[in-house]
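Here's the structure we're looking at; comments come further down.
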Amino acid sequence: MFVVSEEVCRKVVSRADAFDAVQAVFAAMARGDARNFPVVREALGHADALYGFKSGFDRAGLALGVKSGGYWPGNAQKGLTNHQSTVFLFDPDTGQLQALVGGNYLTAIRTAAASAVSIAHLARKDARVLGMIGAGHQAQFQLRAAAEQRQFEKVIAWNLHPEKLSILEAVATELGLPFEAVGRQQLAEQADTIITITSAHEALLDSGWIRPGTHIACMGTDTAGKQELDPQLFSDASVFTDELAQSITIGEAQHAFKAGQLQEADITALGAVINGDHPGRVTDDEITVFDGTGVGLQDLAVAAVALRVACEEGDAKEIAL
Ligand code: NAD
């Protein structure tokens, strides 16, 4: 079996690789060629941590495995990222362990790829102002990936802890985009495309603030009880997701679904849009919401790229188990 380190993952998996892998696996899921297995995610009662497993099988890409890890909110003070995870890839023909792949960089890049894929397929072509809600570890990856999808002319951002916005400002500056820290309502009133990537447990954006034509990639809500959007938005918008089952249980749609404001039939798999089976955004006035819950198959897809390229380039370490 092979070990692909965090450092090697950073070297061999680009944003473009992650975009292609995530887009392909969303398409495979919508065709029924790839399936996520039920997620386990539990509070440990220790270190305030959430720990779990995300697994699945992609018959089209022949990726079988599991990502194990979670969220340790105290890690930042230890100089570590709050998300910690490792991907285990298995040979789908024999069940043998193929590889251990560092999951931290891959989680960030696959999550950013998901919102970028949603922007590519659902945002207005003339979107010019990108609004960022959140400035934690994931946010800078989100910003870089989103900036490649439209001709954005400005980045505006809000974060609960405003001092952290300097990280996003530095990325925007590097990308040649003017940056402005704004209030949440101001952000909603100016942005054409919004990414939410926080650990919030209550709505940060009021539905009445969102302009017609806005695309929102809602990426932070991946656990029961988390929330970033006003549930009313789900009645006003066209709703897309990576996976329906997760969207209504651990994704942002859980709140509108529980309140009876949204039915399963109102939610479309982004893969159906990628496959050309759903038109996606139909009018320039439509509000589109992508509920990006984060599926195990995304992790397996980018880990499989990491393993393949690392082996090709002699960067994977082979060990006997
Ligand atoms: P982080 O801990 O580095 O940053 C957390 C962010 O949330 C910060 O911007 C912080 O200011 C903000 N925040 C925390 N509590 C808040 C509150 N009550 N109200 C408003 N903002 C608040 O975490 P990260 O690695 O950047 O991840 C951000 C979120 O994205 C997490 O909730 C994580 O679980 C989620 N996530 C989702 C996916 C997915 O696939 N959908 C993947 C990875 C992470």
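In this text the structure is predicted, and so the values were computed from the model without any measurement. Position 1 is the first residue of the sequence; numbering continues from there. We use all heavy atoms of the structure for the numbers below, so side chains are in, but hydrogens, waters and symmetry mates are not. We count ligands from 1, going down the list as the structure has it; atoms in each ligand are counted the same way.
Considering all non-hydrogen atoms of both residues, A306 and L106 come closest at CB-CD1, 4.4 Å. For the pair Q149 and A116, the tightest heavy-atom approach, listed with the atom from each and the gap, is CG-O, 3.5 Å. The two residues A147 and F152 have their closest heavy-atom pair at CA-CD1, 4.0 Å. Of all the heavy atoms in T288 and L122, the pair that sits closest is OG1-O, 3.6 Å.
For the pair K226 and ligand 1, a heavy-atom separation below 4.0 Å is found.
When the heavy-atom distances from atom 16 (C) of ligand 1 to I133, L160, I250, T81 are ranked, the shortest goes to L160.
Using a 4.0 Å cut-off to heavy atoms of A135, the atoms of ligand 1 that qualify are 9 (O). Each of the atoms 8 (C), 9 (O), 10 (C), 11 (O) of ligand 1 lies under 4.0 Å from some heavy atom of N159. Atom numbering of ligand 1 starts at 1 in the shown order; those under 4.0 Å from a heavy atom of G134 are 9 (O). Of all atoms in ligand 1, numbered sequentially from 1 with element shown, those under 4.0 Å from a heavy atom of H161 are 11 (O).
Protein heavy atom in closest approach to atom 36 (N) of ligand 1: D222 OD2, 3.4 Å. Of all protein heavy atoms, the one closest to atom 30 (O) of ligand 1 is I197 CD1, 3.3 Å. What sits closest to atom 19 (N) of ligand 1 on the protein, heavy atoms only, is A200 CB, 3.5 Å. Of all protein heavy atoms, the one lying nearest to atom 42 (C) of ligand 1 is T111 OG1, 3.1 Å. Y71 OH, 3.6 Å is the protein heavy atom nearest to atom 1 (P) of ligand 1. Nearest non-hydrogen protein atom to atom 13 (N) of ligand 1 is S199 N, 3.9 Å. Closest to atom 29 (C) of ligand 1, if we only count protein heavy atoms, is T198 O, 3.3 Å. Of all protein heavy atoms, the one closest to atom 35 (C) of ligand 1 is G220 O, 3.4 Å.
For ligand 1, the polar-atom distance check against T107 finds no nitrogen or oxygen pair separated by under 3.5 Å. Among the atoms of M219, some N or O lies under 3.5 angstrom from an N or O of ligand 1. The shortest N or O to N or O distance between A139 and ligand 1 is not below 3.5 Å. Looking at Q138 next to ligand 1, an N or O pair under 3.5 Å apart turns up.
Residue pairs meeting the side-chain hydrogen bond (donor to acceptor under 3.5 Å, both in side chains) criterion with at least one partner in residues 40-49, sequence neighbours excluded, are R41-T223.
Between R144 and E174 a salt bridge is recorded (basic side-chain N to carboxylate O distance below 4.0 Å). Note on R128 versus D192: no salt bridge recorded, every NZ/NE/NH1/NH2 to OD/OE distance being 4.0 Å or above. The existence of a salt bridge linking D299 and R110 is confirmed by a sub-4.0 Å separation between a basic side-chain nitrogen and an acidic carboxylate oxygen. Using a 4.0 Å cut-off between charged nitrogen and carboxylate oxygen, E148 and R15 count as a salt-bridge pair.
At a 4.0 Å heavy-atom cut-off, ligand 1 does not touch T221 at all. The side chain of R110, and not its backbone, has at least one atom closer than 4.0 Å to an atom of ligand 1 (non-hydrogen atoms only; side chain from C-beta on). Using a 4.0 Å cut-off between heavy atoms, H83 contacts ligand 1 through its side chain alone, with no backbone atom that close.
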Starting from the C-alpha separation in whole Å, work towards a yes-or-no answer on side chain to side chain contact (heavy atoms under 4.5 Å, CB included) for F90 and L97. CA-CA 4 Å; F90 296 92; L97 184 60; 3.6 Å; yes
Please list every donor-acceptor pair under 3.5 Å in which a side-chain atom of residues 309-316 meets a protein atom from a residue at least two apart or in another chain.
| unit_1 | atom_1 | unit_2 | atom_2 | d |
| --- | --- | --- | --- | --- |
| D315 | OD1 | K11 | NZ | 3.3 |
| D315 | OD2 | K11 | NZ | 2.5 |

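Between H278 and F240, the ring centre distance stays below 6.0 Å.
One side chain, N36 or E243, offers a donor N or O that lies under 3.5 Å from an acceptor on the other.
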